[in-house]
Number of protein chains: 2
Amino acid sequence: MKNSKMKSEEIARIAGVSRSTVSRVINNYSNVPAETRDKVMKVIRDYNYFPSVSAQVLAGKPVRTLGLFLIEPGNVSSDSLTNMLLVSVIENASELGYYILTNIIRDITNTDTVSSVKEMFIQNRIDGGIFIGAAIREPLIDELTAEGYIVGVFDQRQLEYSQPNRIVANFNNDSGMKQSLAYLTGLGHTRIGVINGDMKRLSGQTKYEGFQKAMRMCNLDINPDWVLPGDFHERGGYVAMNTLLNKTSDLPTAIIAANDSVAFGAIRAIKEHGMNVPEDMSIIGFDDHLLSEKYHPALTTIRIDFNEMLRKLTTDVIVKIEKGTTDVIEITIECSLIVRDSCRRI
Amino acid sequence: MKNSKMKSEEIARIAGVSRSTVSRVINNYSNVPAETRDKVMKVIRDYNYFPSVSAQVLAGKPVRTLGLFLIEPGNVSSDSLTNMLLVSVIENASELGYYILTNIIRDITNTDTVSSVKEMFIQNRIDGGIFIGAAIREPLIDELTAEGYIVGVFDQRQLEYSQPNRIVANFNNDSGMKQSLAYLTGLGHTRIGVINGDMKRLSGQTKYEGFQKAMRMCNLDINPDWVLPGDFHERGGYVAMNTLLNKTSDLPTAIIAANDSVAFGAIRAIKEHGMNVPEDMSIIGFDDHLLSEKYHPALTTIRIDFNEMLRKLTTDVIVKIEKGTTDVIEITIECSLIVRDSCRRI
DNA sequence: CTGAAAGCGCTTACAG
DNA sequence: CTGAAAGCGCTTACAG
């Protein structure tokens, strides 16, 4: 049961073959007769031998490790999303035999941070990286892809010139917004407003663009007073709704929030103003947050499958690392309306 | 700004020295004159050179990576603790120049899992590991320490024979329990019960032992009907309290819960029985969970500093890796009562 | 089908 | 103070 000092040479000696053959067995070369393979495998198992990664990597094999970079300025997202996201990436990677080196990036503009991220790639600690929380354009990511490193990014699109080594993943926010508006219109709403997300993020932009398009399709006018800035956080939704309620009595009958946290904030503000949801205002969210179902009122929202998105992104990054194909990959995940109690018929 | 194909040999050539000297500069050897050092450093910076870890490790240096093993059977703890914990470990390690390879262990008895964890150590992917969620005795951890690997474990104590390469960290649960009981006694309670945590975990045991000791010190008798089994989860607290309330009308006036989640569950059950906290029963928790302050009633509890514990544990593991000292380390973190609204004077 | 040998990019006694 | 050389544990053309 010893193993620590086991090396391929020892295995070779015991099995009565050369190191070359041991290596061939480990790397599943086809030109090894079953008999030899079995003999070697037995010794490997008997001695609980695992090859040293460093030696393998130095000899040109992948490290089988991915860097997961969570860009979270300051406030450690205390909600369960980060958790879920991490677990999802780890487990998908693990199924493909890959490990995850996790990094929290508080400030992506900080020189030390930037250089330490690049260091991981250059030192060959990781075969590729996955970025969550990136802005539409991140110089760091651009540099990395320009150098040829393989990177998967949630919430970005391909550059003007598509890069096979930059894999992007998004939800179909356009479709989500259209569903929200279709539903509200069906309920008879025509006075509809929106609380936006962070417009530095692609999803912030595409959601708003989706809103505009959908309003046009429904033949509704956008009232600029009802287009409120936000940031994807509860606090932002609260502030936005407060501003609206304090400014005017000419209110929309329904508000589409950039995500569920924003919706929670908006509802809190509405309640504090002595009004009710959906009686006085209908609210529709985006994400289908864990809490949304349990919230009061239970939140009508657009469900996205974060887990599926990460599974695809992780898998595609790994396949790209191993096969090195030159196809350009853009993952888009559909989303769908979940009707609950936060919208009423007009 | 190129770097990918940079190797120490290139740096040496450009700086006009040998690879040996470049290596000495990188590893901060003292016998390099400032002038030479500066010359070499300049080239290193100019070319954005980072040595290959694989080569360094193969030559005997540490990988500067720690494995973080989260033992979480099935239910991905959706509360924010895992999150906080991860971030805490990552940031502390990062300050010391170490990376974190995260692993979720769903079933620590599973052979494949066990062997993949050992593989990480044997392959030399990590210099050491940190385990969270371990039972009092874990064969896997015992094997690892027996092999000489450096491991930090939360919620375990040293074995009969102390191991310098097993660093254990705990909260002073004894002190916490004593504070809880002192407070309740001060309020005039004598009829005091307890909902236990998971007794397979050391903290489950030490908390209950602390309770017993403290009761003795306060000259109070333990009513076996008021000692309820639990599991550190909300659900467990709920079930325990329901059982108690349904079984008898001879109720305690106060309950100490193994942690705040358990307390939340217990309070939920009490409310469902049409009773109130603290009017009909006082409840005291343990942890000072993020929600405890905001809960209704705000929960009186014992605050523990998870972040401090992990900071010490991570630091000690890294120091042990680098210095290889033979001292036996047992970290104990103090805890303290936070009085809020869930207990009343009798 | 299989072994001997070169090579991966570092570090570190050793010798000077 | 510094260079030449051996060694770390693998993989993979190359030759047979």
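Residue numbers begin at 1 in each chain, while the letters A, B, ... track the order of the sequences.
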What's the closest nucleotide to the [X] side chain, out of [options]?
X: A/Thr36; options: C/dG9, C/dT2, D/dC10; result: C/dT2
X: A/Arg24; options: D/dC10, C/dA4, C/dT11; result: C/dA4
X: A/Ser18; options: C/dG9, D/dT2, C/dG3; result: C/dG3
X: A/Asn27; options: D/dT2, C/dG9, D/dT11; result: D/dT11
X: A/Val17; options: D/dC10, C/dT2, C/dG3; result: C/dG3

Whole angstrom value for the distance that separates [atom2] of [N] from [atom1] of [X]:
X: B/Leu58; N: D/dC10; atom1: CG; atom2: C1'; answer: 8 Å
X: A/Glu9; N: D/dG7; atom1: CD; atom2: P; answer: 12 Å
X: A/Ile11; N: D/dC10; atom1: CD1; atom2: C1'; answer: 13 Å

*asked:* Once hydrogens and angles are ignored, does a donor-acceptor distance under 3.5 Å link the base of C/dA4 to the side chain of A/Ser20?
replied: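 A donor-acceptor contact between them is present.
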*Gap separating the CD1 atom of A/Ile150 from the CD1 atom of A/Ile167, nearest 0.5 angstrom*: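 Here the rounded value is 7.0 Å.
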*State the CD1-OH distance between A/Ile122 and A/Tyr149, to the nearest 0.5 angstrom.*
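Atom-to-atom, A/Ile122:CD1 and A/Tyr149:OH are 5.0 Å apart.
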*asked:* For C/dC10 and B/Tyr49 - does any side-chain N or O of the residue sit under 4.0 Å from the phosphate oxygens OP1/OP2?
replied: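 So the side chain of B/Tyr49 is within the cut-off, an N or O lying under 4.0 Å from OP1 or OP2 of C/dC10.
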*Would you call B/Glu147-B/Lys118 a salt bridge at under 4.0 Å N-O?*
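No, no charged N to carboxylate O under 4.0 Å.
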*Would you call A/Lys200-A/Glu138 a salt bridge at under 4.0 Å N-O?*
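Between A/Glu138 and A/Lys200 there is no salt bridge, as every charged N stays at least 4.0 Å from the carboxylate O atoms.
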*Expressed as a whole number of Å, how far does the C1' atom of D/dT12 sit from that of D/dG16?*
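That atom pair is separated by 16 Å.
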*Give A/Thr21 one of three labels, base, sugar-phosphate or nothing, depending on what nucleic acid heavy atoms sit under 4.0 Å from its own.*
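The residue A/Thr21 makes sugar-phosphate contact but no base contact.
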